[in-house]
Amino acid sequence: MPVSRPELSDSRVIAHVDMDCFYVQVEQRKQQSLRGQPTAVVQYNSWQGGGLIAVSYEARKFGVKRSMRGDEAKKVCPEIHLVQVPVARGKADLNSYRNAGSEVVTILSRRGRCERASIDEVYLDLTIAAEAMLVDNPPECLETISEEVVKSHVLGLEEDGSNAREKVGHWLTRSDASRRDKLLACGAFIVAELRLQVLEETEFTCSAGIAHNKMLAKLASGMNKPAQQTVVPFSSICKLLGMLPIKKMKQLGGKLGTSLQIDLGVKTVGDLLQFSEEKLQEYYGVNTGSWLWNTARGISGEEVKERLLPNSHGSGKTFPGPRALKTVPSVEKWLSELCEELSERLQFDLEQNKRIAHTLTLHAHAYKSNDIDSFKKFPSKSCPLRYGTSKIKEDALILFQAGLREYLGLYNFKISGNQNSGWGITGLSVSASKIIAIPSGTRSIMNYFHNQQETCPQVKLSSEKLIQDAPLLSPSENGGHMTLQSIEPWISCSEEDEETKHSLPLDRQLDKEMCKEKLPDKETSICSSPDAEVYRGWEKDQTESNGDYLTEKIRDSLESEEGKRKLNKEKGMSTISRYFQSQNSGDLLKVEHASTSKLSESPSLSDHQSEPPQENSPARGESSVDARLCSHIKLKRPAWSYDIDEIDQDVLNELPKQIQEEVQAWLRPQKRPHTVKRDSGIARYFLPAKNK
Ligand code: DCP
């Protein structure tokens with residue numbers, strides 16, 4: 001979501017590299033006979049030939065599109081080869097695509113800071129490499145220029161056929177060019193070289209955008225596909241954005257873009273130039289307003305983060321139409337499959353990369369057939385992640401139950417139970433995020449946790465003492481059941497605290513977690529219901545009808561306040577106990593459990609759809625501005641009441657596209673206090689428009 005960031009420098013060299021028809025290329029590498037053939041990868045379900053998820057450029061020439069089904073694609077292109085996506089556990093298995101993406105990332109990261117943005121996209125900060133090239137080997141001194149470089153597209157240069165390459169060659173090697181343009185030219189050389197290396201080593205082609213920031217690089221990478229690159233000189237920005245339809249800009253494809261079109265009459269990104277920053281802030285809040293003002297000028301200071309590994313893992317599945325899941329047991333069955341896959345990937349990440357995920361999130365897409373309140377979305381729910389497949393399954397199911405209860409409303413939830421009472425789940429996914437590497441130099445995970453023990457005096461208790469306390473403290477010792485009260489609700493930390501905590505090194509987080517003073521207990525959404533009695537009734541029904549173990553946990557959650565206080569008092573120790581228990585248990589999972597138990601108490605529910613801070617509400621400036629317009633906007637944006645803060649963009653990127661789109665559509669623009677560095681280079685260039 002929009003976050004306003006001042007431009008860091010006039011002369012950064014940023015590239016966005018995007019693989020061409022990625023899944024198709026992966027399949028073509030597996031089956032060489034498909035090379036150069038019209039090909040598409042289809043979802044594994046065979047209804048009407050399966051849904052196309054990737055289409056080769058050869059097939060696109062015939063009019064084959066991703067939105068088509070296999071049968072339709074066959075009609076427009078009878079020679080098309082349809083390849084089914086690999087399947088595991090009854091769902092698409094994306095591992096071969098993920099691994100292929102990793103191969104590419106390894107190559108691209110050779111020349112600069114590299115951020116893996118999705119399964120097939122990467123950002124590179126090539127500033128240092130470009131500066132070095134400008135000093136050591138400037139383009140103007142090169143005797144020959146590779147074909148790949150002169151095939152570049154340079155925005156603002158007229159490409160009129162015959163001498164396009166000459167023009168590009170000349171632009172790239174001008175001795176009288178500005179330093180900015182020279183650096184971009186160096187970037188073009190470096191990216192062309194990297195793309196050739198990717199082709200040689202992986203057989204994959206990719207396209208790229210080269211610009212002064214991520215936003216512009218991303219815009220450019222898709223302009224000339226496949227296997228081409230596009231440079232965005234500073235002088236071309238105004239024209240580029242002046243022509244760019246508002247909905248084509250990243251983060252303006254949804255409700256915000258629609259509001260700009262309808263409420264402000266804005267058609268292109270450049271049209272935003274007519275509004276002052278203050279005006280945009282009045283309409284859309286301080287942060288989003290500034291972000292829009294900057295975006296209209298091509299300003300974005302977002303940094304390329306060093307990240308070669310994905311910063312989340314997700315496993316999801318859609319259940320369209322008649323395949324919608326209509327009972328809790330059927331959801332549980334699929335959650336089980338999804339959690340197994342997620343757990344395998346977490347385990348692999350832990351072993352290979354020594355990384356630990358902290359947050360488990362459940363997203364679902366649902367419908368209520370008898371509901372007039374049809375815009376209501378199934379709330380995403382999170383909790384601290386506990387390692388081990390059975391624990392992940394258990395927690396995911398609790399998250400689902402909590403979400404369903406909120407989605408249906410308590411009364412309907414009670415009467416529905418496991419029966420189908422007009423609800424259906426059409427998309428389900430679990431994801432693990434807030435993944436942190438165990439600090440390097442730690443010889444083993446066990447060592448690492450031993451070290452943590454020494455950093456905090458409170459932890460210096462004998463393991464015997466802790467084990468003795470354990471049954472009281474550790475839900476997992478209580479017949480494997482956890483109590484919701486035994487969990488410190490995330491909401492007992494402010495959002496800011498949680499953010500701060502996760503930005504700390506892991507050892508500091510552990511210290512903080514182990515040493516922190518207990519905060520007053522705040523209840524989770526399950527525990528705090530005023531309709532606890534009704535809910536208890538439902539639990540009773542459930543227990544009687546199917547003995548679902550969940551109900552025990554939920555009943556636990558409704559224990560007395562006194563019990564809660566007691567558990568909360570004690571829970572500061574629970575993870576320590578669990579750590580030592582796991583050491584003694586001889587369980588194969590002990591290392592992973594130990595490594596995470598400190599960080600992952602049993603699930604305390606965190607609702608992703610919390611209200612946005614009042615301070616930033618769009619209506620805030622109503623009295624001082626055009627109140628009519630503001631109230632109009634307010635009326636038209638009912639769904640902007642979700643808080644993106646809790647949802648990591650990278651988590652979304654790992655989810656199935658369908659669910660991503662769904663989630664994106666719920667989100668409101670993020671509004672944070674910010675500062676805009678108005679005298680930064682690109683901003684200065686546009687300053688005259690500011691006070692219009
Ligand atoms: N993908 C998917 N479901 C979608 C869209 C995409 O599973 N609805 C998968 C298949 C794609 C891959 O993600 O190959 C990357 O998606 P892109 O949007 O980058 O599209 P492609 O790489 O297929 O094509 P392009 O060359 O247009 O980028």
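One is the number of the first residue; the rest follow in order along the sequence. We count ligands from 1, going down the list as the structure has it; atoms in each ligand are counted the same way.
With ligand atoms numbered from 1 in the order given, ligand 1 contributes 15 (C), 19 (O), 22 (O) to contacts under 4.0 Å with heavy atoms of D120. Annotation for ligand 1: atoms under 4.0 Å from non-hydrogen atoms of Y57 are 25 (P), 26 (O), 27 (O). Per-residue contacts place R60 under 4.0 angstrom from the following atoms of ligand 1 (heavy atoms of the residue considered): 24 (O), 25 (P), 26 (O), 27 (O). Close contacts of ligand 1 with M19, meaning ligand atoms under 4.0 Å from a residue heavy atom, involve 22 (O), 26 (O), 28 (O). Shown in contact with K225 at under 4.0 Å from a heavy atom are these atoms of ligand 1, numbered in order with element: 25 (P), 26 (O), 28 (O). Ligand-side atoms of ligand 1 in range of D18: 19 (O), 28 (O), range being under 4.0 angstrom from any heavy atom.
The shortest side-chain heavy-atom distance between L385 and K434 does not fall under the 4.5 Å cut-off. Annotation: side chain of P86 is in contact with side chain of K30 (closest heavy-atom distance under 4.5 Å). Contact annotation: the side chain of H16 approaches that of E121 to within less than 4.5 Å [non-hydrogen atoms, C-beta and beyond]. Between S433 and S431, the closest side-chain pair of non-hydrogen atoms is not below 4.5 Å.
Residue contacts with ligand 1 include C21, since one or more of its heavy atoms lies under 4.0 Å from the ligand. Contact analysis leaves Q25 out of contact with ligand 1, as no non-hydrogen atom separation drops below 4.0 angstrom. Residue contacts with ligand 1 leave out Q43, since none of its heavy atoms falls under 4.0 Å from the ligand.
Look at K218 and E302 and you find no salt bridge, because none of the NZ, NE, NH1 or NH2 atoms lies under 4.0 Å from a carboxylate O.
Residue V41 does not touch ligand 1, judged by heavy-atom distances below 4.0 Å. Using a 4.0 Å cut-off between heavy atoms, R66 contacts ligand 1 through its side chain alone, with no backbone atom that close. Both the backbone and the side chain of I53 come within 4.0 Å of ligand 1, counting heavy atoms alone.
What you find for L126 and G187 is that their closest heavy atoms are CD1-O, 4.5 Å.
Between V24 and ligand 1, a contact under 3.5 Å exists for no N or O pair.
Ring pair Y97/Y23 is parallel by interplanar angle, where below 30° counts as parallel and above 60° as perpendicular. Using bins of under 30°, 30° to 60° and over 60° for the plane-to-plane angle, the ring pair F378/Y407 lands in the tilted bin.
In this structure a side-chain-to-backbone donor-acceptor pair under 3.5 Å is missing from T268 to P245.
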